[in-house]
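Just so we're on the same page: letters track the sequence lines, and every chain starts at 1. Heavy atoms only: backbone and side chains are in, while hydrogens, waters and symmetry mates are out.
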Amino acid sequence: MEFAELLGHIRAALPGAVLEEHPEAFSPWILVARAQLPALALLLRDDPALDFAQLMCLSGTHLPASASESDRLASIFHLFSPRHRHKLGVKVVLDSADPACPSVAGVWPTADWHEREAYDLLGIVYEGHPDLRRILCPDDWEGHPLRKDYVTPATYNGMPLD
Amino acid sequence: MNLPIERHEGGNIILTSAEWLVNEAIARSLWPLTFGLACCAIEMMAAGAGRFDIARFGSEVFRPSPRQADCMIVAGTVTMKMASRVKLLYEQMPEPKFVISMGSCSNCGGPYWQHGYHVLKGVDRIIPVDVYIPGCPPRPEALLEGMELLRDIIRGKRPRPDAAARTA
Amino acid sequence: MDVKTLLELLFGLLTVASAAWVAFSPKLLHAGFSLLFTFFGVAGLYVTLGADFLAVTQVLVYIGGILVLLLFGILLTTAMPTAELSVGPSRRGQGLALGALLLGLLLLAVFRAGWPLSFPPLPENTARGLGTGFMTTWILPFEVVSILLLGSMLGALHLARHAGGEK
Amino acid sequence: MQFAFGVVLVFLLMGLLIGIAAITFSSLLRPSKPTAQKLQVYECGELPTGTPWMQFNNRFYTVALVFLLFDVEVVFLFPWAVVFKSLGLFAFVEMFVFVGILALGLAYAWAKGDLDWVRSRRFLRPAAAVEKGQPA
Amino acid sequence: MTELMQTFWFWAPFSAVVIAIVVTVNALLSVYMERKVSAWMQDRLGPMENGPHGILQTVIDAVKLLLKEDIIARGIDRPLFKLAPYIVFGASFAIFAVTPFADGHPAADLNVGIFFALAISAFVVAGIMMAGWSSNNKWSLYGAMRSVAQAVSYEVPISLVVLAVVMVSGSMSMQEICVSQAGGFWNWHGLSLHHNPFLVLGFLIYFIASLAEVNRTPFDLPEAESELVGGYHTEYSGMRFALFFLSEYANMLAVGMLATVLFLGGWQPLHPALGFIPGPLWLFGKAYGFVLLQMWIRMTLPRLRVDQLMHVCWKVLVPAAMGVLVLGGLWELLIG
Amino acid sequence: MDNHELFIQGSRVPDRGPDGDLMTLNMGPQHPSTHGVLRLELLTDGEEVASIRPHIGYLHRCFEKHCEKLTPPQIVPYTDRMDYLASMNNNLGFAVACERMLGLQVPEKVEYLRVVVAELNRIASHLVAIGTCGLDLGALTPYFFCFRDREMILDFFEEICGARLLYNYIWVGGLSHDFPEGMDDKILRFCDYFEARIDNELNPLLSFNKIFIGRNAGIGVVSAEQAWAFGLSGPSLRGSGVAFDLRRDDPYSIYDRFQWKVCVGEGLVGQLGDSWDRYWVKVLEMKESLSIIRQALAARPKDGDVREAVPGRVKLPVGELYCRTETPRGELGYYIVSGGGNLPERVKVRAPAFSNLCIIDEISRGALISDVVAILGSLDIVLGEIDR
Amino acid sequence: MSLHFYLVVAALLFVLGLVCMITRRNAVALLMGVELILNSANLNFVAFSRFTEARALDGQATAIFVIILAACEAAVAMAIVLNLYRQQRGIDVDAARELQG
């Protein structure tokens, strides 16, 4: 299915879930409401017309504060349907003061580690994740390194960092 | 260097003449710890394989347990998460023991020097290093040369790197 | 004192000392491994008694088999091999007293009884003698033993299977 | 015979002696610098958690058990084997019965699955086609 | 002179020292051989730099191990940890006492020689268990348990096959077993298809089981580096480790010698016409051939898994060995 | 207690404590068969594994942080160091992503040469995977043979770009160097030599060795659904019988011009999707790579400058892109967000081994420790790209 | 050496085995005590047959039968101990009284 068709299908099944659409992007994506994400994820995976069996990638990004907005975090899910050969990016934008995003680890098991990574590096808290711990950094690491405002600490457990 | 006979320092000791034998034995039989960290470990494996054949120098006996190893080849980037383990493994090796720092990353952090918030900038910050092999990654020949240098150090022909710079 | 006497004494000492360690060691594991030396000492005594086949059998079965079984048993049953081993001090005292009493009685019997001593020559080849014996004199026990072995094998396997607890 | 066993004993002692000599000699030469971390038990660079005194598979016991009984059987058969030639058919039949009865035990253990090392493996399905070999 | 030779006080220490030298040299030689053979099979050179063609490499390794620190970690059961290498080494050394090196020259001609050789491995088993158990290390314990289970399991087919040989030879003395195979290679138990073909099968069973008995590939599970790090000697360092190492190679030679004595005529020459070559040369030649075969297999095969190991033993080798015993006996009775 | 000990304890994952009869066993970070610094926390019952908790990050080298501080041409050498066994493929993936964003058309010759080096590197990478897979199961010699043949490929690379392992060869918009004179012939000769080696040496010695099959067949079975759900890709996905290869199904570069077959596991010796199938797919893929190399070398233009289209300054336009390519381990995705500046705002790497590894707990439950080693070997992980 | 020596060693073994059985509450240790006692008996058998007029091999043959019995006993007893352990998570023999039913 083309992007427009996908969008129509999703809108019909879950009205109000899609907040923005970006067909012009290199990888077209939609912005969805945080509360609707779990339902949308199930729809995307289980609807035979959509059939997004593969979560290709789950990334977090940090959008620094601009003139109009305070800084925000985004979690983006890149989906692919091996059967229909179509792709879709699904993005959720979160306020960095309340970085809670519903987990999709129950829908696509591969999201488990990717979510842990996004939590580790960016501090996005995936609610409902079975085991949300740091994955790359040590458990007692401070801060989330990929945030734009991250300052590398001088030492870690007595060892100089630079 | 008189590592194994340190306890007899100042004693009469036949060992002055035996020291040569002792040092030769240690130098010519360096069993490395099976321990690879990153890219350099692949070159370390290549050094063990057919073309470069570290076995020629008697070092093909990669011991998986530090208890039986003589030298630790820190081959790759040491991260903050790994550093304590590297240190523990080093500590668990029996004396006399040696460390070869293979590659820029373990020498000084290498390409991760500037922005690598999670990278230890040089393994010599946690364990004393005897030989530094430059390169990213060093070629297997460089590792063989590094082991040759280590042999010279053991034989006392070449000083160990400045003791003050080594954190023990 | 000739060598043989010396060896006998040494083996006897080894046997008794290690057996004492089996009985009194605070660690079950040490007791288990101490048994190794007891069995070995007894095997040595068998040799001094001219029972070569029996001595090797002792090593093969006791050390190679029963000891391994016991050690596996310790491993399989005890999460902490250093766990409390002894009974309370009162029962321990009673046991020791009983042991001492019994030892006294036995020693009395050993030295007071008039054993009809003699010293028959050693057979040329004990294994050959035993083989012939098993096929002639002891033919019945020989076959019965096989049934016994079968029975204990079946029983032990059955029990072990229950202990394994099909999960 | 006791002469021969004496030689064996000397061998055993010699073995011990070599070991002790080597380690004593080595203790004169070797350095000894224990540190707290050196004395940590090795577990792949981690600090070990819990004791190694773990629960082992009952299978180990089963193996030791079957072994013990076979071992005992062997003990009986060795003297038999020595005299086998002189005793002839009768001895053979005796042995046959003896081994046969034990073979029954083995067959029982086999049939009951006591000889299969692992029984509760949900993921290991029978690798049926191992015999297929190389495709043309 | 001959009288002196026959006194215990001369003969026992003399032969023990000779064998001690042989065992040590054998270990050094076998390790060197293994390194060279593996290098040759893997398109490498192997040790080259230390001594001509690296011949001194293993000697140097041994000296180095002598100089290594001996670590006894916290939580280790010290007495058992220290005792274990002695027991393992002493036992693997004692096997050589009963091996006949030439006509009339075993160190100790036991009536029950081969039976003794089987039994003595019980000490090795106990020693390994001691080592693994006292180490307070999970890998060691795994290694020891595997090793013990494997050793006791494969002891069964070995015993049964040895029994068949004893049955045919009519003696447990290793010297007499050798003598019974006199007259050329066609009379050797392992090759004599016309005397008793079942013994040839027995030879095969013995060979496979002996690989397991000495923990060689494909049965090297107890020391599988990629699984269990170092197996039961993970915590051992320096000379104590070297003792395990030494006894391992001594065991390799020992099973080679046993195989030679049982199935390849021991010190008997290939052909009676070759009798001018001394017996020990024949014995060691054949035994080293056997060791070489073990190395070849090590370089060729991966290792089995523990369930496959037990499967091979109990469901293949033990029934086969029983068959060899029964059918071999029948053959001996009717045809032999 | 010194600093260091505090440090160890601070960074330790809290113990779960004894779980009934189960014992916690650490496999790694220093263990001969974890292929680097992976730590598997095994919960074992005897030798049986009840569950596995993988701990990664021991090689976390902050790649994504570096991407935010460097320009795309500067990032390329860092991509080398992610999957250090297949640097060419990593270079290629990043170059393709940037070129898509830039809308850059690279010269024909460059495309062909890229395919040649990428496929050569695929073979080199698979050789290491196959060799270590055998090594983990105790087969020593195949490992040496694999490394011997791999050295030949490394020689080509050295001749082409001067490096043995980390090449920085495929640049955004081009290549760093042209092939030297006579390289094509050498590579073709290698193809003939190596094809015979697979058939006559590797397969009899390892692939169809009965013990090797016995160790791998029926172990670590992954169904096709599981494979998709856990995000498996590359040989691990195809081992489960899914004919999905990005070179064919989501084409990039010029892969659509070649005739080749997507190799899948068929359950030849055990069950579909077991360790052996994952292994076998790699063997088959090496042959297909040889075929692609031959075609590419035959069709490649001889003339042209490989740096012709290399932009003087790479300035990615505003927008975001998820671009994926097929490395030896599977789907390597780059998610690039650009704000139009010199530096990308965010680069996230979807590393194939990262996703492949996360299934290990699922397929290892109830296995023996020896099986875990076999499964790990067949999953073919590289910690460099898992931890990045 | 004389018969007495062996008899004394055997007596000591016997007593130690008995003490081991009485003073230990661990079932495996109990078995070890039993093995000591059986060994002591065997030693007596062999010693008597060596030093008295009885046929020299009788004692040895008996001893072999005893060893076989000991093996069977150990096998079954250990299996029982394993069962006991599984039921009670411990092998304290005093606590096993409930088996009396």
Report summary line: In short, side-chain hydrogen bond (donor to acceptor under 3.5 Å, both in side chains) pairs touching residues 99-112 of chain A with sequence neighbours left out are A/Ser103-A/Glu115, A/Asp112-A/His129
Query - F/Glu68/A/Lys148 salt bridge by N-O under 4.0 Å criterion - result: yes
Query raised in the report: Who among F/Lys348, F/Arg350, F/Arg388 has the most heavy-atom pairs with chain A under 4.5 Å?
Result: F/Lys348
Report summary line: If one checks every heavy atom of F/Val318 against chain A at 4.5 Å, the contacting part turns out to be backbone
Requested in this report: Fit a plane to each ring of A/Phe80 and F/Trp228, take the angle between them on a 0 to 90° scale, and name the class: parallel (under 30°), tilted (30 to 60°) or perpendicular (over 60°).
Outcome: tilted
Query raised in the report: Can we say A/Asp120 and A/Arg116 salt-bridge, meaning some charged N sits less than 4.0 Å from an Asp/Glu carboxylate O?
Result: no
Query - Sorted by number, residues from residues 82-93 of chain A in contact with chain F (heavy atoms, under 4.5 Å) - result: A/Pro82, A/Arg85, A/Lys87, A/Lys91
Query raised in the report: Could you name the residues of residues 327-339 of chain F that have a heavy atom within less than 4.5 Å of a heavy atom in chain A?
Result: F/Glu331, F/Tyr335, F/Val337
Could you list the donor-acceptor pairs under 3.5 angstrom formed by side chains in residues 38-48 of chain A, with sequence neighbours left out?
| residue | atom | partner | partner atom | Å |
| --- | --- | --- | --- | --- |
| A/Arg45 | NH1 | A/Val107 | O | 2.8 |
| A/Asp47 | OD1 | A/Ala49 | N | 2.8 |
| A/Asp47 | OD2 | A/His9 | NE2 | 2.7 |

Query raised in the report: More than 12 non-hydrogen atoms from neighbouring residues, nucleotides or ligands closer than 6.0 Å to CD on A/Glu142, yes or no?
Result: no
Report summary line: Pair count under 4.5 Å, heavy atoms only, with chain A: among F/Cys358, F/Gly319, F/Gly231, highest is F/Cys358
Query raised in the report: Within a strict 4.5 Å, meaning less than it, do heavy atoms of the F/Lys315 and F/Leu102 side chains meet?
Result: no
Report task. Look at the rings of A/His78 and F/Tyr322 and say which category their plane angle falls in: under 30° parallel, 30 to 60° tilted, over 60° perpendicular. Result -> parallel
Report task. Kindly determine whether A/Asp98 and A/Arg34 satisfy salt bridge (charged side-chain N to carboxylate O under 4.0 Å, His left out), including the steps that lead there. Result -> CA-CA 12 Å; A/Asp98 173 27; A/Arg34 177 165 75 175; 2.9 Å; yes
Report summary line: Heaviest contributor of heavy-atom pairs below 4.5 Å to chain A, chosen from F/Val242, F/Ile359, F/Ile56, is F/Ile56
Query - Intermediate values then yes/no, ring pair (Phe, Tyr, Trp, His ring centres under 6.0 Å), A/Phe77 and A/His114 - result: CA-CA 10 Å; A/Phe77 310 84; A/His114 285 276; over 10 Å; no
Query - Part of F/Asp250 within contact of chain A (heavy atom distance under 4.5 Å) - result: side chain
Query - Heavy-atom pair with the smallest gap, counting every atom of F/Ser240 and F/Ser236 - result: OG-O, 3.7 Å
Query - Heavy atoms of other groups near F/Gln74 CD, more than 12 under 6.0 Å - result: yes
